[in-house]
Structures are given as structure tokens and as C-alpha cells.
Colleague: 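A single structure is presented below for examination.
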Amino acid sequence: MTEEKKGTESHDPAYPEKFLQFMRTGWSDTELPVTLRAEAPNHAKRRAALSAAFPGETLVIPSGHEMVRANDTDFPYRPGSDFVYLTGEHDPESVLVLRPNGSGHDAVLYVRPRSPRDTDEFFKDRRYGELWIGRRHTLREKSAELGVETAHLDTLPDVLNDLAPGRTRVLRGLDPHVDGLVRPTNPERDRELAWTISEMKLVKDEWEIAQLQDAIDATVRGFEDVARIIPADRPVSERLIDGVFGLRARHDGNTVGYSSIVGAGRNATVLHWIRNDGRTTPGELLLLDMGVENRNLYTADVTRTLPVSGTFTPLQRQVYDIVHASQQAGMDFIKPGVKFADVHTTCMRVLAEGLHDLGILPVSVEEAMSKESTIYRRWTLHGFGHMLGIDVHDCAHARHEAYKDGALDEGYVLTVEPGLYFQPEDELVPAELRGVGIRIEDDVLVTKTGAVNLSAGLPRTSTEVETWLATQREAGPRLPG
């Protein structure tokens with residue numbers, strides 16, 4: 001194989017020399033009119049906080065690579081969340097390195113700058129050439145926009161090869177190239193870097209809260225779009241609903257924050273139903289768990305359960321009201337200093353009491369709630385909620401004592417999402433309940449005085465849901481504008 005054939009595909013063109021010579025001439029050079037992003041000081045503060053946590057140590061935080069979807073096509077790229085949290089950078093392969101300078105750290109962002117005109121990359125390389133993928137920033141432009149020193153990605157290997165393992169920590173698992181370049185470090189030290197960043201993310205600053213509200217507001221519009229195209233009297237496919245919400249997410253944000261769950265009828269009892277290949281049925285319920293990821297990669301996470309016909313049956317309403325009461329109890333309980341685990345217990349007790357009232361719970365509420373039993377969870381397998389932010393399950397690497405076994409604090413954003421699910425094959429429940437799944441989920445901010453529901457733009461009570469659904473249907477379909 002000749003050198004020019006390496007890394008090419010059968011459909012790549014063969015360029016004659018005259019064409020190559022022609023393409024190398026006649027190009028003007030312009031700079032992008034970039035300015036410092038408004039959120040750049042927030043990222044600088046986060047880097048400073050991370051620096052203070054690890055004095056005298058080098059920290060390496062990669063963004064990650066594009067991932068192959070099929071042959072020479074990639075999945076849409078989404079940068080590593082911790083990397084974005086510290087830099088605001090969205091380009092693939094980038095790496096943040098914090099090196100100690102005696103009083104703190106020097107932050108350098110290693111990126112791949114725009115295609116140079118002194119090579120043929122700009123028109124030949126379909127992965128990096130700007131005639132193929134668009135104009136990237138120069139190093140100067142990137143630095144001016146993000147407020148951090150930049151360097152060419154090609155210089156990174158020499159930097160990483162020079163690091164002392166005992167004084168280096170790497171956020172591993174995101175970039176195999178970086179993992180291979182840095183000499184093996186202590187896994188526990190690397191895990192400490194991961195949980196430190198996760199715990200920094202627990203408290204959201206004002207800019208982050210605004211990003212979350214932006215994503216949630218777009219999500220509300222997406223739910224409205226969906227409600228307007230669900231007929232009350234005939235089936236439609238779950239994928240139609242998925243696609244309508246996806247249109248809103250792509251138009252108003254970056255994309256969806258996670259694979260949308262569109263569960264019609266019995267599919268609502270599958271907690272992570274993302275196949276979305278079923279159809280709605282008038283008289284049954286439709287569970288929608290969907291969220292827009294905004295353009296700064298903060299995501300909403302909202303669930304509503306709708307009666308397809310427009311009105312809940314008496315039994316559907318009874319179960320729905322139990323779930324709503326559970327959610328309301330959890331939201332009323334939330335305030336700074338409250339244990340995360342105690343919010344869970346508060347929500348679960350209401351569900352257990354509701355199951356008892358339905359005549360389903362085979363033991364007393366107290367016995368069902370005991371740590372030795374928890375049999376009520378047969379009908380509600382998941383917890384009450386999770387942290388939310390730049391990840392749908394934010395702060396995932398935080399220590400248990402800071403998160404699941406810890407206390408809530410002002411500035412935390414979390415979901416409250418109790419649910420009840422009666423599997424179609426469950427012989428311990430009445431036949432009329434089998435295949436019924438109901439979840440209600442909202443995104444709440446912890447303030448000094450308690451919980452503020454950021455997704456209050458959508459109705460929650462059974463009566464409000466019926467009224468809202470009728471209003472949306474009367475308004476009719478709309479395109480994002």
C-alpha cells in the first residue's frame with residue numbers, strides 16, 4: 001500500500017497533481033470575530049477550585065474522541081461533561097492540562113486548530129479538513145473565546161510523556177490515546193480526581209441554573225408539541241412522538257439529553273423503554289420521559305403520563321394521584337440540610353401507603369418499608385430521583401457520603417420522579433391494573449426556603465393534565481419557530 005493510500009476508503013477520490021497544485025493557490029485568510037464568552041469566568045473559577053484541591057500535582061482532563069457508528073461514519077460528537085464543565089470547549093480530542101506553578105496551576109488547553117494552508121489537509125482530510133467539516137478556530141481565536149491558554153494538540157504527547165506518575169492524576173476512560181500516553185498512575189488517585197470534580201458539580205452557580213431553565217423551558221415546549229399531535233381516537237406510533245420531540249430538541253437546543261422514553265400502554269412499565277416501536281391506544285396511558293439538552297449541554301429530565309383518550313379512568317386516576325402525592329411529599333420535604341436518603345423514604349412511604357389502599361400490599365406499610373423487606377419496591381424499582389446538570393445523571397462519581405448518604409444544600413438541582421409500575425404478567429395485582437405504568441418527574445432547585453420546581457410550566461395533577469391535554473389538542477400542531 002502506498003503512503004497516499006493509507007487511511008483512505010474505496011470511495012475517496014484520487015487527486016491528480018494538477019488539481020492538487022490548483023487547490024493550493026488562491027485562498028484568502030480571515031480571522032473569526034471572537035470575543036470572550038460570558039461564562040468563561042465561571043470556568044476559570046472551577047479550574048481554580050480544582051487547582052486548590054490538588055496542590056503541586058498535574059491534572060489531565062480529556063474531552064474524548066468521536067466514536068465510529070458504522071465504517072467511516074461517526075456518532076454525533078458530544079464532549080466529556082467534566083471537560084466541558086472546566087473549559088466550555090466542545091471540540092473533540094481536546095485535553096486540559098493543569099500543571100503546578102508554585103502558587104497554583106497553569107491551565108493549558110490542547111486543541112486541534114484550523115486546517116493550515118501549508119498542507120493539503122484543508123481540502124483532502126475528511127475528518128479534519130475544513131472544506132469537509134467546517135472552519136475550526138485558530139489557537140489565538142480559541143484562547144480569546146475561552147479565556148485560557150491554548151496549544152497545538154500535536155505537542156501534547158511530549159508533555160504527557162514527561163509527567164511523573166506519582167504527581168499526576170488523569171480522568172481516565174475518555175480518551176484511550178491519553179490513557180496510553182500517561183504512564184500508569186495509582187487508580188485510587190485518579191478516582192479521587194473524578195469524585196472531586198463530581199462533588200464540585202453538586203452546587204450549581206447562577207449561570208448553570210439559567211442553562212438548566214433554558215433546557216427545561218424548551219422541554220416544556222417539546223411536551224406541548226407532542227400533546228398536539230396525539231389523537232384521542234386512533235393509534236399513532238411511539239416513533240412519531242419521539243421524532244416530534246426530537247425536532248424541538250434539535251431546534252431549540254443541541255439535541256435530546258438522553259434517549260427519549262415513549263411508553264404507550266404496557267410499554268410504560270419498562271423503566272428504560274427506548275425502542276419506541278409501539279403504538280398508542282385510546283383508553284390506555286402514555287408515559288413520556290424526555291428532556292432537551294441545550295446548546296451549552298445542560299439537560300432537562302421531565303416525565304409526564306397522559307391519558308390517550310383525554311380522560312383518566314377512575315382506576316388510572318387513583319394510581320396517578322398516589323404517584324402525584326408521593327412526588328408532592330418529596331418536593332415539600334426538600335430543603336437545605338435534609339438527607340437525600342430521607343427524601344427517598346418520604347416519597348416511598350406515600351407509594352407504599354397507596355399500594356396498601358389499593359389492596360395490593362400483602363403486608364403492613366411498616367413491614368413493607370423496613371430495610372429487611374422493602375417488598376413495596378416490586379412495583380417501583382427505582383429511587384425517587386437524582387442530581388441533574390450537565391449530565392442527566394449528574395455528579396455520578398461523587399462519594400456516597402457526599403451524595404446518596406449526604407445532605408442537600410442550596411444550589412443543588414435534582415429530579416423528583418416517583419412511579420408505580422404493574423407488569424403485564426404480575427399475578428399479584430388485579431387484572432385491570434396489569435400493564436399500567438405511571439411516573440411523574442420534575443426538576444427542582446434547592447433554595448434557602450425549600451424546593452423550587454423549575455419545570456412547573458407543565459401540569460402535574462390528574463385534573464390539570466386532562467385540561468392541559470385538551471388545550472394543546474385544540475391549539476393544533478405547530479412547527480418550532
Colleague: Got a second to check how far Arg378's CZ is from Asp426's CG, nearest 0.5 Å?
Modeller: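 Reported to 0.5 Å precision, the distance equals 4.0 Å.
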Colleague: Main chain of Gly64, side chain of Tyr77: is a donor-acceptor contact present, judged purely on distance under 3.5 Å?
Modeller: yes
Colleague: Take atom CD in Glu427; do more than 12 heavy atoms of anything else shown fall under 6.0 Å from it?
Modeller: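 Atom CD in Glu427 is not packed in, count stays at 12 or less.
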Colleague: Check this for me: does any side-chain nitrogen of one of Asp205 and Lys45 sit under 4.0 Å from a carboxylate oxygen of the other?
Modeller: no
Colleague: Quick check: closest heavy atoms across Leu193 and Leu171, and the distance to 0.1 Å?
Modeller: CD2-N, 3.6 Å
Colleague: Indicate whether any N or O donor in one side chain lies under 3.5 Å from an N or O acceptor in the other, for Ser455 and Asn453.
Modeller: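 Looking only at side-chain atoms, Asn453 and Ser455 do form a donor-acceptor pair, the distance falling under 3.5 Å.
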Colleague: Side chain of Arg169, backbone of Arg189: donor and acceptor closer than 3.5 Å?
Modeller: yes
Colleague: Let me see the working for Asp225 and Arg478 under side chain to side chain contact (heavy atoms under 4.5 Å, CB included), right down to the final yes or no.
Modeller: CA-CA 7 Å; Asp225 295 340; Arg478 67 180 176 192; 2.6 Å; yes
Colleague: For the pair His386 (side chain) and Val392 (backbone), establish whether a donor and an acceptor sit closer than 3.5 Å, ignoring hydrogens and angles.
Modeller: yes
Colleague: With distance as the sole criterion, is a donor-acceptor pair present between the side chains of Thr185 and Arg172 under 3.5 Å?
Modeller: yes
Colleague: With ring pair (Phe, Tyr, Trp, His ring centres under 6.0 Å) as the rule and sequence neighbours excluded, what pairs involving residues 333-357 come up?
Modeller: Phe340-Phe384, Phe340-Tyr403
Colleague: Count the heavy atoms belonging to other residues, nucleotides or ligands that lie under 6.0 Å from NE2 of His65, then report whether that count exceeds 12.
Modeller: yes
Colleague: Give a yes or no on whether the backbone of Lys201 and the side-chain of Lys204 come within a donor-acceptor separation of less than 3.5 Å.
Modeller: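 Between the backbone of Lys201 and the side chain of Lys204 there is a qualifying donor-acceptor contact (under 3.5 Å).
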Colleague: Between Tyr258 and His272, does the ring centre distance come in under 6.0 Å?
Modeller: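 Between His272 and Tyr258, which both carry aromatic rings, the centre distance is not below 6.0 Å.
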Colleague: Can you give me the closest heavy-atom contact between Ser309 and Ala232, atom names plus distance?
Modeller: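 In this case the closest contact between Ser309 and Ala232 is O-CB, 3.6 Å.
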Colleague: Nearest heavy-atom pair of Ile375 and Trp379: which atoms, and what distance?
Modeller: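 It is O-CZ3, 3.9 Å.
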Colleague: Pair Thr415, Asp301 - check side-chain hydrogen bond (donor to acceptor under 3.5 Å, both in side chains), show working.
Modeller: CA-CA 7 Å; Thr415 67; Asp301 183 6; 4.9 Å; no
Colleague: Identify the heavy atoms of Glu208 and Tyr298 that sit nearest to each other, and give their distance.
Modeller: OE2-OH, 2.7 Å
Colleague: With side chain to side chain contact (heavy atoms under 4.5 Å, CB included) as the criterion, how do Asp442 and Val416 come out once you've worked through the C-alpha distance, each side chain's angles and the decisive distance to 0.1 Å?
Modeller: CA-CA 6 Å; Asp442 284 276; Val416 184; 5.7 Å; no
Colleague: Is there a side chain to side chain contact (heavy atoms under 4.5 Å, CB included) between Val302 and Phe223 once you walk through the steps?
Modeller: CA-CA 9 Å; Val302 177; Phe223 270 83; 4.1 Å; yes
Colleague: Within a radius of less than 6.0 Å around NE2 of His400, do more than 12 heavy atoms belonging to other residues, nucleotides or ligands occur?
Modeller: no
Colleague: Between Glu89 and Lys142, is there a side-chain N and carboxylate O pair less than 4.0 Å apart?
Modeller: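 A salt bridge is present here (some side-chain N lies under 4.0 Å from a carboxylate O).
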Colleague: Measuring from atom CG of Asp217 to atom CG of Asn294, what distance do you get when rounded to the nearest 0.5 angstrom?
Modeller: 10.5 Å
Colleague: Can you confirm whether the side chains of Thr311 and Glu466 place a donor and an acceptor under 3.5 Å from each other?
Modeller: no
Colleague: Show, in sequence, the C-alpha distance, side-chain angles and deciding distance for Glu66 and Arg127, and conclude whether the side chain to side chain contact (heavy atoms under 4.5 Å, CB included) test is met.
Modeller: CA-CA 10 Å; Glu66 293 166 308; Arg127 178 171 287 274; 2.6 Å; yes
